[in-house]
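Inspection log for the structure reproduced underneath, given as structure tokens.
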Amino acid sequence: MGKRIIVTGGSGKAGQHIIQYLLDQGHDILNLDLVPLPAPLSDRVHTMRVDLTDAGQAYSAFGSHFHLTEPFREPLGLLPDAVIHLASYARNMLVPDTETFRCNTTSQYNVIEAASRLGIKKIVLASSVSVYGIAYAEGDVEYPSFPVDEEIDVNPMDTYAISKMCGERVARGYARRYGSDIYVLRIGRIVSPEEYKEEMFDSYVKKPDGWAAHGWSYIDSRDLGQICDLAVQKAGLGFQVFNAVNDEITNYESSTTEFLKRVFPNTPFTREMGPREAPLANKKIRELLGFRQNHPWQKYYE
Ligand SMILES: NC(=O)c1ccc[n+]([C@@H]2O[C@H](COP(=O)([O-])OP(=O)(O)OC[C@H]3O[C@@H](n4cnc5c(N)ncnc54)[C@H](O)[C@@H]3O)[C@@H](O)[C@H]2O)c1
């Protein structure tokens, strides 16, 4: 049966694909964002303009109707089944670091607090693989070990990744306090369908040595939709952190292990890796949420 799901930041790049996927699964969605959803999604999903850095707005919006009708007729007084929190400054240098930190940490806190106190039992939180500390490091930094899984000690030095780490810590504490499910998604570089034909992906394939920052891994925006659906459907895992990435390395190397040994000769391996396994490992999300990718990059890259 379809669930009632609030998506924050749904008007953005990831949000539009996630909302489309969730609608296709029969869910009912309310989008909370500073800006509108483009058509045709806007015909099916109401966007409420909300600044999530304001706690009052987050509380009020979580108790909102999903559809604007006259009069309000949907089953009244219901809480959403889940909140998927995507709203964020999605990288460094969009605004000064102080504003990235203020906005990202405050909105993550407000969302987790409001949802928890209102009794919403499922929160899915968008974190980033940039917490592994390579993407926005000051200079070249090595991964501590391969594969890069959720067990690795994370210690990023940049403001965006640190703001995501703060959200992960709030999530962990609140899941414990409220006995709720809060699943953190460490999302890889999101690739939307048109991007397989663009310069970045071509460079992933043709100049792979230069792509440590993205961990030679990616997440297809539609597969990210599947992951959000699985995260909403699954219950009882408490606090969890998942790498949200596709299965395979983003180049034609025949052995991930040999490739990584060549580009990072000093980095140890903690287990044997599959022949073309993505260096940012998705083993956990496959095993616990049952993720099965539908959009391997080779299907679209020309
Ligand atoms: N794009 C990527 O490759 C990538 C990779 C890893 C993680 N992520 C994370 O995934 C999430 C979505 O990323 P995206 O690429 O879709 O970002 P995006 O910038 O395209 O969309 C973010 C949305 O959040 C909204 N927003 C920002 N601040 C807000 C606030 N205070 N209140 C309400 N809405 C607000 C924006 O208006 C925007 O529509 C983010 O949390 C980002 O950090 C993205």
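Both ligands and their constituent atoms are indexed starting at 1 by order of listing. Numbering of residues begins at 1 and proceeds along the displayed sequence.
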_Phe146: ring pair (Phe, Tyr, Trp, His ring centres under 6.0 Å) partners, not counting sequence neighbours_ = Tyr143, Phe269
*Check whether NZ of the Lys or CZ of the Arg Arg177 lies under 6.0 Å from the centre of the six-membered ring of Tyr174 and within 45 degrees of that ring's axis.*
yes
*Scan Leu30, Thr8, Leu32, Ile6 and name whichever one has a side chain to side chain contact (heavy atoms under 4.5 Å, CB included) with Val50.*
Leu32
*asked:* Under 6.0 Å between ring centres: does that hold for Tyr204 and Trp297?
replied: no
May I have every N or O pair linking ligand 1 to the protein at under 3.5 Å, one per line with atom names and distance?
{"from": "ligand 1", "atom 1": "3 (O)", "to": "Ile190", "atom 2": "N", "distance (Å)": "2.9"}
{"from": "ligand 1", "atom 1": "16 (O)", "to": "Lys13", "atom 2": "N", "distance (Å)": "3.2"}
{"from": "ligand 1", "atom 1": "16 (O)", "to": "Ala14", "atom 2": "N", "distance (Å)": "2.7"}
{"from": "ligand 1", "atom 1": "20 (O)", "to": "Lys13", "atom 2": "N", "distance (Å)": "2.9"}
{"from": "ligand 1", "atom 1": "31 (N)", "to": "Asp51", "atom 2": "OD1", "distance (Å)": "3.0"}
{"from": "ligand 1", "atom 1": "32 (N)", "to": "Val50", "atom 2": "O", "distance (Å)": "3.2"}
{"from": "ligand 1", "atom 1": "32 (N)", "to": "Leu52", "atom 2": "N", "distance (Å)": "3.1"}
{"from": "ligand 1", "atom 1": "37 (O)", "to": "Asp33", "atom 2": "OD1", "distance (Å)": "2.6"}
{"from": "ligand 1", "atom 1": "39 (O)", "to": "Gly12", "atom 2": "N", "distance (Å)": "3.4"}
{"from": "ligand 1", "atom 1": "39 (O)", "to": "Asp33", "atom 2": "OD1", "distance (Å)": "3.2"}
{"from": "ligand 1", "atom 1": "39 (O)", "to": "Asp33", "atom 2": "OD2", "distance (Å)": "2.7"}
{"from": "ligand 1", "atom 1": "41 (O)", "to": "Leu86", "atom 2": "O", "distance (Å)": "2.7"}
{"from": "ligand 1", "atom 1": "41 (O)", "to": "Lys164", "atom 2": "NZ", "distance (Å)": "2.9"}
{"from": "ligand 1", "atom 1": "43 (O)", "to": "Tyr160", "atom 2": "OH", "distance (Å)": "2.5"}
{"from": "ligand 1", "atom 1": "43 (O)", "to": "Lys164", "atom 2": "NZ", "distance (Å)": "3.1"}

*asked:* Is there a side-chain contact between Val232 and Asp81 in this structure, where contact means two heavy atoms from C-beta onward sitting under 4.5 Å apart?
replied: no
_Can you tell me how the ring of Tyr136 sits relative to the ring of Tyr160, calling it parallel under 30°, perpendicular over 60° and tilted otherwise?_
perpendicular
